[in-house]
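Here the structure comes first, spelled out in structure tokens, and everything after it is commentary.
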There are 2 protein chains.
Amino acid sequence: MSGEAAEITVGAYLCKRLHEFGVRGVHGYAADGYARIKGMSALITTFGVGELSALAAVAGSYSEHVPVVHIVGVPNTASQKQQLLLHHTLGNGDFRVFSDMSKSISETFCTLNEAADYVKEIDRVLRTCWVRARPVYIALPTNTVFQKVDGSRLKKPIPFELDLNPEDVEQEVVDQILDLMYKSQNTVILADACSIRHRVLDELHQLVMKTNLPTFVTPMGKGAVNETLGSFGGVYVGDVSRKDVKETVEGADLVLFVGGLVTDFNSGGFTFHIPRNKTVRYAEFPGITMKYVMQRLVNQIDMSKIKVTPTTIIDNILPMRERQSMTQDITHAWMWPTLGQWLREKDVVITETGTAIFGLLETRFPADVTAISQVLWGSIGYSVGALQGAALAVHEQKVERRVILFVGEGSLQLSAQEISTIIRHGLTPIIFVLNNDGYSSERKIHGAEAKYNDIHEWKYTKLLDLFNANPEKSKTYQVRTKTEMEKLLMNKSFATGKYIELVEVFMPKQDAPRALEVTAQNTARLNKVLNV
Amino acid sequence: MSGEAAEITVGAYLCKRLHEFGVRGVHGYAADGYARIKGMSALITTFGVGELSALAAVAGSYSEHVPVVHIVGVPNTASQKQQLLLHHTLGNGDFRVFSDMSKSISETFCTLNEAADYVKEIDRVLRTCWVRARPVYIALPTNTVFQKVDGSRLKKPIPFELDLNPEDVEQEVVDQILDLMYKSQNTVILADACSIRHRVLDELHQLVMKTNLPTFVTPMGKGAVNETLGSFGGVYVGDVSRKDVKETVEGADLVLFVGGLVTDFNSGGFTFHIPRNKTVRYAEFPGITMKYVMQRLVNQIDMSKIKVTPTTIIDNILPMRERQSMTQDITHAWMWPTLGQWLREKDVVITETGTAIFGLLETRFPADVTAISQVLWGSIGYSVGALQGAALAVHEQKVERRVILFVGEGSLQLSAQEISTIIRHGLTPIIFVLNNDGYSSERKIHGAEAKYNDIHEWKYTKLLDLFNANPEKSKTYQVRTKTEMEKLLMNKSFATGKYIELVEVFMPKQDAPRALEVTAQNTARLNKVLNV
């Protein structure tokens, strides 16, 4: 470029900036899963029809703190000014109605029309997306895409770093926390969703490793902490927790609650019994960046002043005797601990918000497992799109990681065609279709035998062939008994994750994970109280 | 009920009122197609995730003037007041954010909370939906559903009738129109979308039959007029029209433009050459109900004062010689006129907004054919959901009508699982999958050979089996040549529409209907002008 300001189109500028954030492809609706692996993602839709079809997905990313750049290709600005009755409009000349709908689910937005300072706006919006870990919206008129801008600004990357806290305030916060920790006889760490989304897992691990304090996760925090550590105690979900976990967490006189997001399903139906005066939540220090507080805390902590009460190690391996006494039916109580032993380091485990997400609480992860689910937003079929995005992201990382989906047959039906995209890109996830004859998680909440919880059965094992998977590079299985499942899990060729594989797992209709049963009961009780 | 006021729940009241409007089932997203057959439909979704997933579909109904009642099951009002962080929320305690998004695509809306007068609100909203032929939104909290209301109001049905015009104003409008018609040497009728949606087809036909004036339709008006009448002249699409049609319509000195909706694709890219001072448009009489004006017009018209120039009859039958000279490839130019001869009275013909909708302009319909398409909103995959809704509606009508879909393979991939619902309900449409190796209509607009217009191929003829269709009550076919297509169309068992049937039609990749080719060129020209 020999020193001169290099001209570049707005479209190319935007792509180069996205590239800085690790974005290597754009998506339809699989952006959320991709962002959870790569750190950020971009979604391109067309004006009106496309963007509205994506609203539920983007709202999910907003709800769950996932940084997705939503780029919408809009008609050229001259058409807009003339209020032409173009296709993909409401036929009323209103060209702002759709972007207005996105405002409440976007952290910020911009319209790259003539009035905009294109490069500054792009930089501002992308950094906001990254720093705030939430969706942003960019309206890109067709006539702007090829406008030329000064590309020399690209020499300086957009800063990834969060703004620093004022040092005296940060020190005061750390002093307060240390004071509480030194006074406590019995402190536990509880890691939740925002520790993952706001990228403090390194700091969290340093804290866990340095202090050896008993550490728990919430359902949305699953995967935040290395579960093979001796100090790991399991999943805390209020009254839905296992008895020993509940006693330990609620018996603590200080809970360091990192990245908390106390939603209904994430808290056992609002049954967390950790009093505010015994809890440190970072949300209580508004305007303070959690990441830097944790770094300072780890550096300054004096271990000689900390009392550590070792935790009971949660064992999720079923005793052999118990296993033999049960039927051959593949029950949730049996399957999830069994699957936990089959998982490997670095696996990406995606679970649909149905029986799967509750069952997953009964697995113990190897180190460095990434869990993807949508406990708060809970959009049916989410996990299949997320699988496609995550599998593509892992493929780009060029590391040995399996990508594994657990989805009910009902949820799969909503977005089964994402498997077509997976095959098109040559991706190789392992898909467990939990066929339990209907919407089992819904049955637990309402209408156990109701017709509306029934599902029209598909021949699920024919999906890969329908989508034209190479028969030599794909495999399908059906398992109906514990023995068949165990045999499959021990099959080394199955376990590699080199091919796309689909397993249809037949499970009893009314069986559900313990956590789902208890949550459904708590929800029913809560509804009753609220309706009085 | 013996004279007393009968108590009834709010939920049951709502259902009974919907029943008055012919609604016999509720939908996911197939409501639009159902409403176009039955006159109105209802869609039930869940709060947040469900309703946002339906926004693009509801916006389509708004854009295209289709009366759909969108009922959203929302959390109970106590939870909302406490701003609980429930699943399916943004996690910010804002329970109004989703209904706010629907406001701009709803003709009216109501929230049935404690403050609402349940029955009055339901009646008001349903009547508005019917009268204005556009979607309405009802938020129904879970605790309201079983509230008791006075059911005696049900004895008086909600009035279907539109409000009457002031008689003197209506007479003045009719006098103005008659005056223009009596002066004109050469009048034509042009029927468009809103004549169908605002239910004036009876009046339109009376006008056509009484006057025998040359009558044309726009693409969105296709199906509004009996095309077997001698006075029917074909489809007018501005510069995209066939030469003889264009000359006749644009040569008229008066155009009665009934139910006009001048959008880009409906007007050949804004190339209607019918000057305003030579056109009667009902939209020019604001606040006046078109239906009553037309009734009065038909009653008062004095045929002795009307000059009628007979139209050229548009012949869409290809001369045998021409047919023989062409290749065996199934081209659009050959297929659509051929299909026109295969159609029957009362058929419901659904076309995706792709090559199919443009091709359909080259068919001539038998009497009483209903055409369903989405020319203005143009949401990809729409037609497959519409097929499900329309097929269910026809099934409920218990009359002998075939329901026939023409959809490109790319559009089908968006919503293929609607075919599962069709099979579940035992419905029997005929589905033509136009496999032309990619997004052909997009290729004509941008990127003729671009990778982004390619599609990952599926084995489409395996879809019915995947969805568990009874092999004895379903059939699939593949046709690759004109001869195979002709043979299939002559097959009496195929033509009955007694089973669900799927035909994969292989067509040349770059072939397109003439109307699409010309529209794409006009659009390109318009873009060029606007970008200067």
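Letters A, B, ... are given to chains in the order of the sequence lines, protein chains preceding strands, and every chain is numbered from 1. We use all heavy atoms of the structure for the numbers below, so side chains are in, but hydrogens, waters and symmetry mates are not.
- When each of A:Ser420, A:Ser379, A:Ser104 is checked for heavy-atom pairs under 4.5 Å with chain B, A:Ser420 comes out on top.
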Audit row: B:Asp264, A:Leu84, side-chain contact (heavy atoms from CB on, under 4.5 Å) steps and yes/no: CA-CA 8 Å; B:Asp264 54 357; A:Leu84 294 182; over 6 Å; no

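- For A:Phe98 and B:Trp377, the ring centers sit closer than 6.0 Å to each other.
- B:Leu86 approaches A:Leu376 most closely through the heavy-atom pair O-CD1, 3.5 Å.
- The choice from B:Glu457, B:His456, B:Lys103 that makes the most heavy-atom pairs within less than 4.5 Å of chain A is B:His456.
- Among residues two or more places apart in sequence or in another chain, the side-chain contact (heavy atoms from CB on, under 4.5 Å) test is passed with A:Leu427 by A:Ala391, A:Leu392, A:His395, A:Ile422, A:His425, A:Pro429.
- Contact count against chain B (heavy-atom pairs under 4.5 Å) is highest for A:Thr89 among A:Thr89, A:Thr46, A:Val97, A:Val262.
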Criterion side-chain contact (heavy atoms from CB on, under 4.5 Å) on B:Lys462 and A:Asn468, from CA distance to verdict: CA-CA 11 Å; B:Lys462 295 193 172 183; A:Asn468 242 321; over 6 Å; no

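- Looking at heavy atoms from C-beta onward, A:Thr142 lies out of side-chain contact with B:His446 at the 4.5 angstrom threshold.
- With a threshold of 4.5 angstrom between heavy atoms, A:Asp465 approaches chain B through its backbone and through its side chain.
- Proximity to chain B is absent for every atom of A:Arg96, based on heavy atoms less than 4.5 angstrom apart.
- Side chain of A:His87 to main chain of B:Phe265: no donor-acceptor pair is present (N/O by atom type, distance under 3.5 Å, no hydrogens or angles).
- Put simply, the side chain of A:Gln417 gets close to the backbone of B:Leu414: a donor and an acceptor are under 3.5 Å apart.
- Nearest approach of B:Leu52 to A:Leu55, heavy atoms of both residues: CD1-O, 4.0 Å.
- Residue B:Leu90 comes nearest to A:Arg134 through the heavy atom pair O-NH2, 4.0 Å, listed as atom of the first residue, atom of the second, then distance.
- The candidate from B:Gly378, B:Ala416, B:Gly91 with the greatest count of non-hydrogen atom pairs under 4.5 Å with chain A is B:Gly378.
- The environment of B:Arg424 atom CZ is dense: over 12 non-hydrogen atoms of other residues, nucleotides or ligands sit within 6.0 angstrom.
- Using a 4.5 Å heavy-atom cut-off against chain A, the contacting residues of residues 59-66 of chain B are B:Ala59, B:Tyr62, B:Ser63.
- Neither the backbone nor the side chain of A:Ile380 comes within contact range of chain B; no heavy atom of the residue lies under 4.5 Å from a heavy atom of that chain.
- Of the atoms belonging to A:Ser415, it is backbone heavy atoms, and not side-chain ones, that fall under 4.5 Å from chain B.
- Residue A:Tyr382 does not touch chain B at all, counting heavy-atom pairs closer than 4.5 Å.
- Considering only heavy atoms from C-beta on, A:Met101 comes within 4.5 Å of B:Ile105 through its side chain.
- In this structure, chain B has no heavy atom under 4.5 Å from any part of A:Val58.
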